[in-house]
Amino acid sequence: MRVRFAPSPTGHLHVGNARTALFNWLLARGQGGTFILRIEDTDRERSTKESEQAIVDDLRWMGLQWDEGVEVGGNYGPYRQTERLKNYADHAARLIAEGKGYYCFCSAEALDAQRKAQLAASLPPKYAGTCRNMSPADAAVRRANGEPAVIRLRVPDSREVAFTDVVRGLVTFHTDVIGDPVLVRSDGIPAYNFAVVIDDEEMKVTHVIRGEDHISNTPRQILLYEAFGYTPPAFAHLSLVMGPDHAPLSKRHGATSVREFREKGYLPEALVNYLALIGWSPGHNEELLPADELARRFRLENVAHSAGIFDEDKLAWANRHYLKLCAPDRLAQLAEPYLRVRGQIVGALSDAGRAWLEHVLPGMAASVDRLPQLADRLEAVFLEPGAPLENEPGLPEVAAALAAELADGLRLVDKDTFRAVAGRVKDRTRLKGKGLFHPIRVILTGAAEGPELDLIVPAIDRAADLHDAGLAAVASCQERATLAAKMLA
RNA sequence: GUCCCCGUCGUCCAGAGGCCCAGGACGUGGCCCUUUCAAGGCUAAAACACGGGUUCGAAUCCCGUCGGGGACGCCA
């Protein structure tokens, strides 16, 4: 089994395309097949090297490594269409020689006018066949005169073209609704329908898995396979991913590209897992599974027929799950850039600084949706000394008691020490429960809400004793308490 | 306009003629946990688009209607 993902490098990797890539990958991985990455860069106006690089990077980020293709090579390359021009030219010549293709001299303007007129008359827009019956000799003369021409496929009249879609079943088209498609543009660059067929054939692709928007291209491609005498691969068309308003997922719905989700702080395994759940189910009422297990269970036959709506809430849920599974060192690595933009990390991180992060982050990650929110949870650590405190009953008494308890420089470096001190503050103030802990929270963290005190308090005092760790300045609990006691006195 | 695809809770899926007065998950409500906000646990409400068939029996098969999407390009 050989499958391929064949993006055109004309922009970022859209999550819909990412899902197509994923389904190809799942199938190949699950069945021991080969996953190919081919770049369809025949649109010279819009294709860019930057887009190609971005797509390649995003696929790698998602962990969808390909076995053959751009950057990794393989036995059926090159894997970039603009590097395969010779292959297309040979095939085009063959079609012309056999009369299965013909030159068309109609100008783009003329075709455009024709199309508009047909639409206005409520007719299906379709190439009228103006040049269809021109003799090869006439065509040769006009070409010799330097007239620009495209090559079109001669679509047979009054025939059915059918294929069995692996996800949908039998799909039938009538050739009368298909206009002769352009195979080769006037500049000699192949058009999509032509290049895919040749490449899929030459790369020995066995299963073409792509978006539903390609379903109406399929009969044209099948006709081409027939013209060449090739056996068509199996086709599987995936339904599209829509926005909450059932319109195609676009920027006005928010993030649409893999890159954006990555920057928003989603983990690749969460995106992958969530995307797999749109239009497919691993079964057994299970949803959150590692990619290799998804691959093991994946069957094209079980893919849903109807469009799916992208639900960021559910993505966030998956992300929460994977954030909790994330190893401390990776978590620290992932969080670092977000902490840096917030000014929480200011220099090169020392080993001690990194150790501090790895110690404190997992606790914070347990209650957060996305990476940047880790910085929100850490805000309390980097509280500006003397910053205004939220009002809370009992503040002056508790501040005084806390300051007294910490006066000898005791550091609340772990949960037990903190609890012991809290207990003595309790004795001094005779406050308890919320009446005690709320003021402590406000004095030490500045706010009435935030991470658990058992987590955040030790994090503060451990960081306060770190020097040249790369972290922003951290005031110790002692400093906080004495300052607060003074302010509130 | 023509052709093609699709139609189970708000959303994503399960369901391949009786196991379904329809199951799970996200979200929503409630309760619990709790020194806060969350997180977590439990729980509730919530759907077979409509109309005809076929059948002893239909969410499951057929037809039609309606609704949604896609395609009709020298874009892919």
Side-chain angles (χ1 to χ4, degrees), chain A residues 6-10 40-43 45-47 104 106-108 111-112 115 118-127 148-152 165 167-168 171-174 176-179 181-187 189-193 195-196 210-219 237 239-240 242 244 246-248 274 277-288 301-302 304-318 320 324 364-369 373 376-377 392 422 432-442 445 447-454:
Chain A
S8 63
T10 54
E40 310 218 324
D41 56 350
T42 54
D43 183 341
E45 314 272 89
R46 295 189 297 154
S47 296
C104 168
C106 297
S107 70
L111 292 169
D112 207 50
R115 198 162 20 245
Q118 285 165 331
L119 244 12
S122 289
L123 290 167
K126 179 188 153 184
Y127 174 62
V150 301
I151 296 175
R152 289 183 185 270
D165 191 291
V167 344
R168 285 153 213 281
V171 178
T172 310
F173 286 85
H174 201 89
D176 291 350
V177 304
I178 304 172
V182 169
L183 268 21
V184 181
R185 297 174 239 244
S186 50
D187 62 0
I189 302 294
Y192 168 72
N193 282 116
V196 247
R210 66 216 327 186
E212 192 184 35
D213 48 338
H214 284 296
I215 186 158
S216 54
N217 281 321
T218 309
H237 290 95
S239 55
L240 273 17
M242 315 291 257
H246 292 83
Y274 172 65
L277 261 21
I278 305 179
W280 179 70
S281 159
H284 309 301
N285 284 336
E286 294 175 291
E287 302 195 293
L288 266 8
E301 292 76 6
N302 297 336
H305 302 180
S306 52
I309 285 162
F310 192 91
D311 178 5
E312 193 164 345
D313 282 336
K314 193 154 183 177
L315 204 213
W317 164 72
R320 235 148 40 214
K324 282 172 192 153
M364 305 291 136
S367 62
V368 115
D369 281 350
Q373 294 166 352
D376 298 340
R377 302 301 271 182
E392 182 71 34
K432 58 179 180 175
K434 290 186 185 186
L436 172 66
F437 284 96
H438 278 219
I440 291 180
R441 169 179 293 283
V442 171
T445 74
E449 59 185 55
E452 281 174 52
L453 288 174
D454 286 347

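Chain identifiers are assigned alphabetically (A, B, ...) following the order of the sequence lines, protein sequences preceding nucleic acid strands; residue numbering begins at 1 within each chain.
- Annotation: side chain of A:Asp213 is in contact with side chain of A:Leu240 (closest heavy-atom distance under 4.5 Å).
- Side-chain contact between A:Tyr127 and A:Cys106 is present, with at least one heavy-atom pair separated by less than 4.5 Å.
- The CG atom of A:Asn217 sits 11 Å away from the C1' atom of B:rG73 (whole-angstrom rounding).
- For the C1' atoms, the distance from B:rU60 to B:rG17 is 7 Å, rounded to whole Å.
- Distance, A:Met242 CE to B:rC6 C1': 10 Å, rounded to whole Å.
- Spacing between atom CG of A:Asp311 and atom P of B:rU28 amounts to 10 Å, rounded to whole angstrom units.
- With both ends at atom C1', the span from B:rC13 to B:rA59 equals 15 Å, rounded to whole Å.
- For B:rA76, there is no paired base (Watson-Crick or G-U wobble, both distances below 3.5 Å).
- Among the nucleotides B:rA71, B:rC4, B:rU8, the one closest to the side chain of A:Phe173 is B:rC4.
- The interatomic distance linking A:Tyr192 (OH) with B:rC72 (C1') rounds to 15 Å, in whole Å.
- Residues A:His237 and A:Arg168 have side chains that never bring a donor and an acceptor to within less than 3.5 angstrom of each other.
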Give every pair of a protein N or O atom and an N or O atom of nucleotides 60-67 of chain B that lie under 3.5 Å apart, one pair per line with the distance.
none

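- Remark: C1' of B:rC20 and CG of A:Asn285 are 14 Å apart, rounded to the nearest angstrom.
- Distance A:Asp41 CG to B:rA76 C1': 11 Å, rounded to the nearest Å.
- A:Ile309 places its CD1 atom 10 Å from the P atom of B:rG69, with the value rounded to the nearest Å.
- Proximity note for A:Val182 (side chain, C-beta onward) versus B:rG27, B:rG69, B:rC74: the nearest is B:rC74.
- Closest to the side chain of A:Asp213, out of B:rC5, B:rC74, B:rA71, is B:rA71.
- Look at B:rG10: its Watson-Crick or wobble partner, with both distances under 3.5 angstrom, is B:rC26.
- Residue contacts for A:Gly279: at a heavy-atom cut-off of 4.0 Å it reaches the sugar-phosphate backbone alone, with no base atom in range.
- Across all strands shown, A:His214 has heavy atoms under 4.0 Å from base atoms, whether or not it also approaches the sugar-phosphate.
- With B:rC13, B:rC5, B:rG1 as the choices, the nucleotide that has an atom nearest any side-chain atom of A:Ser122 turns out to be B:rG1.
- Residue-level contact check: A:Ser8 touches the backbone only, with heavy atoms under 4.0 Å from sugar-phosphate atoms and none from bases.
- The distance from the CD1 atom of A:Ile278 to the CD1 atom of A:Ile309 is 10.0 Å, given to the nearest 0.5 Å.
- Here the side chain of A:Arg152 is nearest to one of B:rC74, B:rC4, B:rC26, namely B:rC74.
- At the heavy-atom level, A:Arg115 lies under 4.0 Å from the strands shown only through sugar-phosphate atoms.
- Heavy atoms of A:Glu40 sit under 4.0 angstrom from primed sugar atoms or phosphate atoms, though from no base atom.
- The partner of B:rC48 cannot be assigned: no Watson-Crick or G-U wobble pair with both contacts below 3.5 Å exists in any strand.
- Atom CG in A:Asp43 sits roughly 5 Å away from atom P in B:rA76 (whole-Å rounding).
- Using a 4.0 Å heavy-atom criterion, one finds that A:Thr10 contacts no nucleic acid atom at all.
- In terms of phosphate contacts, A:Ser281 brings no side-chain nitrogen or oxygen within less than 4.0 Å of OP1 or OP2 of B:rC12.
- Nucleotide B:rC3: paired with B:rG70 (Watson-Crick or G-U wobble, both distances less than 3.5 Å).
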- Go along nucleotides 33-42 of chain B 5' to 3' and tag each nucleotide: B for a protein heavy atom under 4.0 Å from its base, S when only backbone or sugar atoms are that close, - otherwise. --BBBBSS--

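- Base engagement by A:Val150 is indicated by at least one non-hydrogen atom pair under 4.0 Å involving a base atom.
- Both distances falling under 3.5 Å, in either a Watson-Crick or a G-U wobble arrangement, occur for no nucleotide opposite B:rA58.
- Across B:rG52 and B:rC12, the matching C1' atoms stand 31 Å from one another, rounded to whole Å.
- Between A:Lys434 and A:Glu392, no side-chain nitrogen of the basic residue sits less than 4.0 Å from a carboxylate oxygen of the acidic one, so the salt-bridge criterion is not met.
- Nearest heavy-atom pair, A:Ser239 versus A:Ser306, reported as atom, atom and distance to 0.1 Å: OG-O, 2.8 Å.
- On the P atoms, B:rC50 is 16 Å away from B:rC66, given to the nearest whole Å.
- Within the nucleic acid shown, A:Asn302 comes within 4.0 Å of sugar-phosphate atoms alone, with no base atom in reach, counting heavy atoms only.
- Two residues, A:Gly283 and A:Ala149, neighbour RNA chain B, and the one matched to the more 5' nucleotide by heavy-atom proximity is A:Gly283.
- Among B:rC5, B:rG73, B:rG24, the nucleotide with an atom closest to any side-chain atom of A:Glu287 is B:rG24.
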